[in-house]
Protein chains: 2
Amino acid sequence: MAELQLQSPGRQPTIRDVAELAGVATSTVSRALSNPGRVNHVTRERIEEAAAQLNYIPSSQARGLSSGRTQTVAVLVPDITNPFYFDIIRGTQHQLKAAGYTQLLVDTEESAEMEADALQKMRRSADGFILAASRLTDAQLAEAAAQQPLVTINRAPAIAPTVVIDTPSAIIQALEHLVSLGHTRICFVGGPATSWSNAKRWQAFQEETAERKLTTFSVGPFAPKTTSGAAAADAAVHTGATACIVFNDLLAIGMLQRLRERGIRVPDDMSIVGCDDIFGADFCNPPLTTMASPIEQAGRVAVSMLLSRLNPQYGGTSRRLAVMPTHLTVRASTGAAPS
Amino acid sequence: MAELQLQSPGRQPTIRDVAELAGVATSTVSRALSNPGRVNHVTRERIEEAAAQLNYIPSSQARGLSSGRTQTVAVLVPDITNPFYFDIIRGTQHQLKAAGYTQLLVDTEESAEMEADALQKMRRSADGFILAASRLTDAQLAEAAAQQPLVTINRAPAIAPTVVIDTPSAIIQALEHLVSLGHTRICFVGGPATSWSNAKRWQAFQEETAERKLTTFSVGPFAPKTTSGAAAADAAVHTGATACIVFNDLLAIGMLQRLRERGIRVPDDMSIVGCDDIFGADFCNPPLTTMASPIEQAGRVAVSMLLSRLNPQYGGTSRRLAVMPTHLTVRASTGAAPS
DNA sequence: ACAAGGATGACAAGCGATTGCCAAAAATTG
DNA sequence: CAATTTTTGGCAATCGCTTGTCATCCTTGT
């Protein structure tokens with residue numbers, strides 16, 4: 001009876017069951033499954049067959065407990081509903097899966113506190129972290145980086161390995177585009193104050209416009225959501241600028257909606273350039289001119305960088321910085337400056 | 001020296017460290033932390049203080065190993081970049097977090113095989129599963145449901161507990177809307193053949209149109225992506241219908257783009273109704289009339305249903321079915337039938 | 001043909017928590 | 001104040017796997 005219970009369907013097969021069926025010791029099974037080279041070819045096949053027959057899946061818990069590795073990476077994003085992160089998430093998911101890792105997705109809701117909290121709470125359950133557009137301060141980031149392996153995306157390098165979008169180049173392209181259309185009064189519509197990307201974009205904007213002797217304005221900060229677009233649009237219009245470079249597409253799309261409501265024609269009265277080329281940028285009205293980057297690839301690269309630190313043996317050159325190229329995608333939201 | 005090593009920053013504090021600092025046995029610490037009622041109030045406070053002081057976080061691995069529970073729920077979605085799932089994901093994430101669970105997000109890439117595979121592979125690492133728009137066959141689903149606790153979203157009930165969108169009501173509302181605008185030739189644009197939702201929508205469409213003696217057409221199946229919209233639009237136009245009810249917004253938005261390319265005016269020449277009210281439905285061109293549901297809430301409810309099975313002690317009534325209401329959001333993609 | 005060396009596999013000690021069982025202490029009662 | 005009940009806390013086994021150590025066996029070189 002007792003034996004029957006042990007074999008009841010509820011019970012999961014353990015490494016011991018496999019060892020018994022294959023006629024070897026449990027340690028041999030363990031090695032055969034996780035360290036193939038150490039075990040005889042034919043024995044391993046016998047073990048694998050036994051495992052398959054029993055439908056055996058190793059317990060990640062037990063495995064993690066004794067090995068100290070969880071084979072899990074946590075990906076922290078500020079807002080899971082922001083399409084910008086879709087592609088990052090998909091990129092990391094792909095790459096992690098390929099390497100046999102599990103992805104733990106966390107939405108930090110644009111809050112530095114939640115981010116730091118997650119970093120703490122999950123330090124035991126993840127081998128490493130990927131922070132997309134981290135809202136942490138430099139000090140917090142440095143502390144976190146000292147505690148556990150992590151890679152940031154769109155965040156100052158030096159503190160931790162980073163994948164960044166080539167913002168200066170993007171801004172230059174956008175400005176050249178606007179200048180070639182005859183614009184001279186250009187407004188920068190800012191994103192979150194805690195966003196490093198925003199700071200970088202603003203900085204590049206200032207440098208470039210100074211060289212070109214353009215009249216510039218800036219408004220913000222605004223939350224990176226379409227709902228903030230109305231306020232952003234009103235503020236931008238108020239400056240008297242004829243073109244806006246907007247922190248991201250979400251905000252830009254929101255502005256488009258507001259401008260239409262107010263009867264301000266885009267691009268006839270006002271040109272708009274967004275950033276990120278997110279889902280929706282191609283079918284909003286008018287379709288948005290925007291600065292595009294290979295975002296999914298950024299997620300992939302971030303994972304590669306992290307994994308090469310986690311597994312130095314395989315790891316090729318463990319870079320500390322990867323820069324993703326950017327190009328301007330011109331659609332219908334930009335046009336000649338009003339005369 | 002050895003002691004210094006033990007206290008080195010790399011080492012994580014264990015339950016033993018906490019016990020020692022608080023002057024109690026490890027079992028007392030364990031109980032104080034996970035079964036508060038069983039331990040003296042003041043002792044527990046002392047323990048909690050010690051834990052906080054050491055910055056102690058229990059190892060989820062060890063915890064899971066001995067308790068058999070992982071405090072983790074896996075959420076399987078067919079396509080992580082489909083905005084429809086964003087709100088579901090956010091809903092599940094919220095609810096799970098509130099209950100102290102961790103969410104494991106898996107993108108099954110619209111593949112029944114990947115879905116079944118994930119279900120198998122992760123059966124040891126998750127206490128339960130939530131399947132959003134599962135692509136499994138009924139038999140597969142039944143088998144999976146027998147192996148582990150799971151809740152489905154938008155899938156036939158009876159096999160497993162389910163949260164469904166009230167599709168028939170949505171279709172009725174859409175049809176009434178179109179009829180009231182004078183349409184009599186209506187086309188159903190179908191989604192994936194393996195989608196239960198699609199089957200349900202098609203069924204409701206047939207029943208309702210039969211009662212109203214409308215001329216109907218159907219085209220499809222199409223992949224639920226904007227890129228399939230071109231083919232869908234061409235097929236729909238070819239039928240001669242003056243209005244389309246489209247499987248989902250993604251497809252509908254793709255159709256909008258194609259129709260514009262072809263110079264077919266929406267809604268003057270053709271009215272379009274989508275489904276889901278996803279991100280983008282309000283700012284596409286023209287803004288899309290669509291059937292909206294409280295999707296985030298669907299995710300929440302699914303989690304509640306699952307958790308009440310996992311923890312029967314707290315669990316209120318463990319429902320097997322929840323129906324989410326639907327309403328038609330009328331925007332600019334529908335208008336009077338061409339005369 | 002024998003010793004040295006390399007493969008291979010068995011044994012058993014943990015990894016860090018949970019939990020059943022029981023003893024000690026405290027609170028309650030007559 | 002003794003007897004009884006209720007709390008509270010300690011001990012130790014256990015979860016399923018990894019991994020260091022060591023014995024065994026099969027290859028080789030001489």
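Chain identifiers are assigned alphabetically (A, B, ...) following the order of the sequence lines, protein sequences preceding nucleic acid strands; residue numbering begins at 1 within each chain. This structure is a prediction, so every number in the text was calculated from the model and none was measured.
The base of D/dG10 is paired with the side chain of B/R31 by a donor and an acceptor separated by under 3.5 Å. Within 3.5 Å, no donor on the side chain of B/R46 pairs with an acceptor on the base of D/dG9, nor the reverse.
Candidate nucleotides C/dA10, D/dG9, D/dA12 were compared by shortest atom distance to the side chain of B/S27, and D/dA12 ranks first. With C/dG16, C/dT19, D/dG9 as the candidates, the nucleotide lying closest to the side chain of B/S66 is C/dG16. Each of D/dG9, D/dT18, D/dG16 was ranked by its minimum atom distance to the side chain of A/L65; first place goes to D/dG16. With C/dT18, D/dG9, D/dT19 as the choices, the nucleotide that has an atom nearest any side-chain atom of A/S30 turns out to be D/dT19.
One interatomic measurement links the two molecules: CZ of A/R124 to P of C/dC15, which rounds to 12 Å at whole-angstrom precision. The distance between atom CD of A/E20 and atom C1' of D/dG16, rounded to the nearest whole Å, is 15 Å. As rounded to whole Å, 10 Å separates atom P of D/dC17 from atom CD of A/Q12. Separating the CD atom of B/Q71 from the P atom of D/dC15 is a distance of 20 Å, rounded to the nearest angstrom. B/L33 has its CG atom 16 Å from the P atom of C/dG16, to the nearest Å. Atom CZ of B/R63 and atom C1' of D/dG16 are 18 Å apart (whole Å). Atom CG of A/D17 is separated from atom C1' of D/dC17 by 13 Å (rounded to the nearest Å). The distance between atom CD1 of A/I15 and atom C1' of D/dT19, rounded to the nearest whole Å, is 11 Å.
Listed for the A/T108 side chain is a donor-acceptor partner under 3.5 Å among the backbone atoms of A/V77.
As judged by a 4.0 angstrom heavy-atom cut-off over every strand, A/R44 is placed among residues making no nucleic acid contact. At the heavy-atom level, A/S59 lies under 4.0 Å from the strands shown only through sugar-phosphate atoms. When heavy atoms are screened at a 4.0 angstrom cut-off, A/V24 is found touching the sugar-phosphate backbone but no base atom.
The side-chain heavy atoms of B/T70 and A/Q61, taken from C-beta on, include a pair separated by under 4.5 Å.
Ion pairing between A/R16 and A/E20 fails under the 4.0 Å rule for side-chain N and carboxylate O. With respect to the salt-bridge test (charged N to carboxylate O, under 4.0 angstrom), the residues B/R135 and B/D79 do not qualify.
Applying side chain to side chain contact (heavy atoms under 4.5 Å, CB included) to A/V24 and the options A/T26, A/L21, A/T28 leaves one that passes, A/T28.
Between B/R69 and C/dT19 there is a side-chain N or O to OP1 or OP2 distance below 4.0 Å.
When each of B/Q61 and B/T28 is assigned the nucleotide of DNA chain C bearing its nearest heavy atom, the one mapping closer to the 5' terminus is B/Q61.
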